[in-house]
Amino acid sequence: MKEFKDIVAHAKEYGFIFPSSEIYDGLQAVYDYGQNGVELKNNLKQAWWKAMNQLHDNIVGIDSAIFMHPTIWKASGHIDSFNDPMIDNKDSKKRYRADNLIEDRASEYEAKGDFTKSETLLAEMNRLLEASDLKGLQELIISENITCPVSKTANWTEVRQFNLMFSTQVGSVAEDSTTLYLRPETAQGIFVNFLNVQKTGRMKVPFGIAQIGKAFRNEIVARQFIFRMREFEQMEMQYFVRPGTELQWYEYWKTTRFRFHKALGLPEEDLKFHVHEKLAHYANAAVDIEYRFPFGFKEMEGIHSRTDFDLKSHQEYSKKKQQYFDNDLDENGKAYGNYVPFVVETSVGADRLFLAVLCNAFTQESVQDGDQVKDRTYLNLHPALAPVKVAICPIVKKDGLAELGTRIYKELKSEFMATYDEKDSIGKRYTRQDLIGTPYCVAIDYQTIEDQTVTIRHRNSTQQERVTLEELKTILRETTSLSTLLNSM
RNA sequence: GCGAAAGUAGCUCAGCUGGUAGAGCGCGACCUUGCCAAGGUCGAGGUCGCGGGUUCGAACCCCGUCUUUCGCUCCA
């Protein structure tokens with residue numbers, strides 16, 4: 001039985017994920033990647049990067065800054081929609097958006113035919129929202145005698161502002177400083193570089209820009225280990241297309257991205273699409289790829305048809321045209337000409353993908369050993385993703401086997417992430433490698449001295465085979481390289 | 001943010017009605033060892049999450065706080 005707490009404990013015990021600042025009691029919803037975690041994560045990021053930029057002729061990458069001009073967040077809609085005034089009912093313990101409560105009351109007036117009262121109320125609410133008058137909002141809720149739908153009481157807390165973007169000051173003198181936000185998504189860095197990349201890369205629509213980077217959200221409740229963190233990493237690709245073709249490309253990316261996750265080793269039955277019923281302000285179609293985490297099916301990747309909302313909005317706010325001239329001919333033989341491209345976005349949480357892969361790899365099984373049944377735990381990671389590819393283990397230290405093992409290890413390590421281990425019994429060493437997902441252990445024994453052959457022990461089956469050093473290298477090259485993984489998509 | 005539970009060695013945990021900390025595994029050194037968590041010897045490691053209070057005396061009782069888990073809530 002795969003218990004989530006066992007996976008979390010395993011992640012810490014074997015150097016994958018540590019709580020941030022642990023010796024100071026930790027910092028809520030922030031985690032560090034350990035020596036094995038960073039290797040696995042880097043491999044995942046590289047797999048994604050290559051699947052985008054290397055496998056697609058018309059996708060290129062960028063790496064934009066975390067700090068961006070504050071107006072970008074006005075244009076993107078984050079300043080408005082990431083700021084929610086919240087109020088709690090003390091009796092039912094339920095939390096509501098203060099503006100929603102007032103809007104509901106306005107609808108009730110309208111239902112009764114009292115449009116004047118409704119309009120006055122909404123106008124007053126908007127005035128208070130504009131002025132960020134939280135006290136006023138609370139007074140309005142009380143004076144309207146709005147009650148909690150659950151407890152039916154008006155026993156409210158104060159209205160509090162939940163800003164989901166982190167802000168910081170730039171400039172040493174307080175009065176001259178500017179408030180900057182830590183980006184809540186990496187997508188905007190792509191949108192504002194759309195023309196730079198298109199022009200300098202001579203890109204033709206359709207084309208994509210990919211980016212991997214940190215993003216920050218001040219989540220009210222951050223939970224479930226690294227699933228929802230305040231600082232997290234996104235892998236986003238914005239695909240710019242001719243208006244009217246966006247839904248075709250949306251379908252293309254849906255299937256392409258699904259294949260990617262399967263290639264990483266996530267089983268099809270643990271993956272599913274979840275189509276959004278309620279669309280965000282910028283989208284005309286949206287779907288999530290969900291993975292069956294131990295705590296249920298949850299979003300891992302989002303694929304959104306974002307229309308021309310973002311580029312148009314930046315055009316408006318920046319007063320710089322965000323147009324593309326399309327020389328291709330339409331069915332009437334006329335060039336498509338100038339337009340603002342539509343965008344299909346694929347956005348994966350790197351940490352969520354990491355968690356999905358880790359949960360999937362975590363394997364506990366009972367194996368027959370003579371007439372005993374023993375428990376065995378290992379990480380069934382794709383060899384291309386495993387932090388360590390091969391462990392070199394001399395069967396004993398004496399009689400020159402340690403020296404021979406060291407020599408073989410040195411020969412392999414420039415090409416493969418390898419490790420050398422001569423401590424403890426061979427079985428214990430195999431187990432240590434199983435626990436971090438190393439696909440191969442190579443035993444050096446007396447026969448190695450005679451004929452330069454070694455035995456490879458396979459992680460999943462625990463079966464061994466005897467091969468020459470050259471054969472060993474071939475096996476490692478063929479199975480542990482990312483191109484193997486990319487070819488399976 | 002609300003409610004509930006938990007926090008003792010790297011891990012899993014024991015520690016009675018309050019009397020100043022233990023086990024197993026793991027870790028390090030050495031010895032032994034010919035293939036799936038072997039054995040021996042020695043050793044390192046804890047101001048019992050943190051702060052305050054009650055008490056002659058607190059891991060244990062009380063208050064606060066931090067962190068984690070679960071349930072609500074939130075998730076452009």
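Note that the structure is a prediction, hence the values are computed from the model and not measured. Proteins come first, then strands; the chains are lettered A, B, ... in the order of their sequence lines, and each starts at number 1.
- Distance from the side chain of Y14(A) is smallest for rA37(B) among the nucleotides rG34(B), rC75(B), rA37(B).
- Judged by the 6.0 Å distance and 45° axis criteria, K214(A) is not positioned over the aromatic ring of F232(A).
- Look at K5(A) and you won't find any side-chain N or O under 4.0 angstrom from OP1 or OP2 of rU69(B).
- When the shell of 6.0 Å around CE of M68(A) is examined, it contains more than 12 heavy atoms from other residues, nucleotides or ligands.
- A salt bridge does not link R429(A) to D424(A): none of the charged nitrogens lies less than 4.0 Å from a carboxylate oxygen.
- We find that CZ of R230(A) is positioned 12 Å from C1' of rC75(B), with the value rounded to whole Å.
- When Watson-Crick and G-U wobble pairs are counted only if both distances are under 3.5 Å, rG24(B) pairs with rC11(B).
- Taking atom CD1 of I226(A) as the reference point, atom P of rU68(B) lies 14 Å away to the nearest angstrom.
- Ranking rC35(B), rA37(B), rU33(B) by closeness to the V396(A) side chain, first place goes to rU33(B).
- Each of rA37(B), rC35(B), rU33(B) was ranked by its minimum atom distance to the side chain of K398(A); first place goes to rU33(B).
- Of the listed residues (T346(A), V344(A), I190(A)), just one forms a side chain to side chain contact (heavy atoms under 4.5 Å, CB included) with Q238(A), and that residue is I190(A).
- F227(A) has its ring centre no less than 6.0 Å from the ring centre of F225(A).
- Residue T431(A) has no polar side-chain atom (N or O) positioned under 4.0 Å from OP1 or OP2 of rA37(B).
- With Y430(A) as the aromatic partner, R457(A) meets the cation-pi criteria of under 6.0 angstrom to the ring centre and within 45 degrees of the ring axis.
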Practice problem: For nucleotides 24-31 of chain B, just jot down a letter per nucleotide in 5' to 3' order: B, S or -, based on protein non-hydrogen atoms under 4.0 Å. | Solution: --SSSS--
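- Looking only at side-chain heavy atoms (C-beta outward), R306(A) and F191(A) come within less than 4.5 Å of each other.
- A cation-pi contact, defined as under 6.0 Å to the ring centre and within 45° of the axis, links K41(A) to Y33(A).
- In this structure, CD of Q447(A) is placed 17 Å from P of rG34(B), rounded to the nearest angstrom.
- Whole-Å rounding puts the D6(A) CG to rU12(B) P distance at 10 Å.
- Heavy-atom distances to RNA chain B give each of Q463(A) and Y31(A) a nearest nucleotide, and the one nearer the 5′ end belongs to Q463(A).
- Within the 4.5 Å cutoff, no side-chain heavy atoms of L355(A) are placed close to those of R352(A).
- With rounding to whole Å, I395(A) atom CD1 is found 14 Å from rA38(B) atom C1'.
- Applying the 3.5 Å distance criterion, the base of rC35(B) shares a donor-acceptor pair with the side chain of D445(A).
- Comparing the same atom, C1', in rC16(B) and in rC75(B) gives a spacing of 48 Å after rounding to whole Å.
- A ring-centre distance under 6.0 Å is not found for H261(A) and Y291(A).
- Here rC60(B) sits opposite no nucleotide as a Watson-Crick or G-U wobble pair (both hydrogen-bonding atom distances under 3.5 Å).
- For rC36(B), its base never sits under 3.5 Å from the side chain of R429(A) at any donor and acceptor pair.
- Nucleotides rG40(B) and rC56(B) place their C1' atoms 47 Å apart, quoted to the nearest Å.
- Judged by Watson-Crick or G-U wobble contacts below 3.5 Å, the nucleotide rG71(B) has rC2(B) as its partner.
- Going from atom CD of Q364(A) over to atom C1' of rU12(B) covers 14 Å, rounded to whole Å.
- Going from the P atom of rG45(B) to that of rC31(B) covers 23 Å, rounded to whole Å.
- For the segment residues 295-311 of chain A, the set of residues with a heavy atom within less than 4.0 Å of an atom of RNA chain B is empty.
- Pair assignment for rU65(B): rG49(B), on the basis of Watson-Crick or G-U wobble contacts that are both within less than 3.5 Å.
- With both ends at atom C1', the span from rU55(B) to rU69(B) equals 34 Å, rounded to whole Å.
- Judged by distance alone with a 3.5 Å cut-off, a donor-acceptor contact links the side chain of R457(A) to the base of rC36(B).
- The interatomic distance linking K12(A) (NZ) with rU68(B) (C1') rounds to 12 Å, in whole Å.
- Relative orientation of the Y440(A) and H458(A) rings is perpendicular, given thresholds of 30° and 60° on the angle between their planes.
- Taking the C1' atom of each, rA21(B) and rC13(B) are spaced 14 Å apart, rounded to whole Å.
- Nucleic acid contact class of L401(A) (heavy atoms, under 4.0 Å, all strands): none.
- Across the P atoms, rA59(B) and rG26(B) are found 30 Å apart, a figure rounded to whole Å.
- For the pair K254(A) and F273(A), the cation-pi test (distance below 6.0 Å, angle within 45°) is passed.
- R466(A) has its CZ atom 16 Å from the P atom of rG34(B), to the nearest Å.
- The gap from the C1' atom of rU47(B) to that of rG43(B) amounts to 22 Å, rounded to the nearest Å.
- Comparing the C1' positions of rA14(B) and rC50(B) gives an interatomic distance of 24 Å, to the nearest angstrom.
- Taking a pair to require two hydrogen-bonding distances under 3.5 Å in either a Watson-Crick or a G-U wobble arrangement, rC30(B) pairs with rG40(B).
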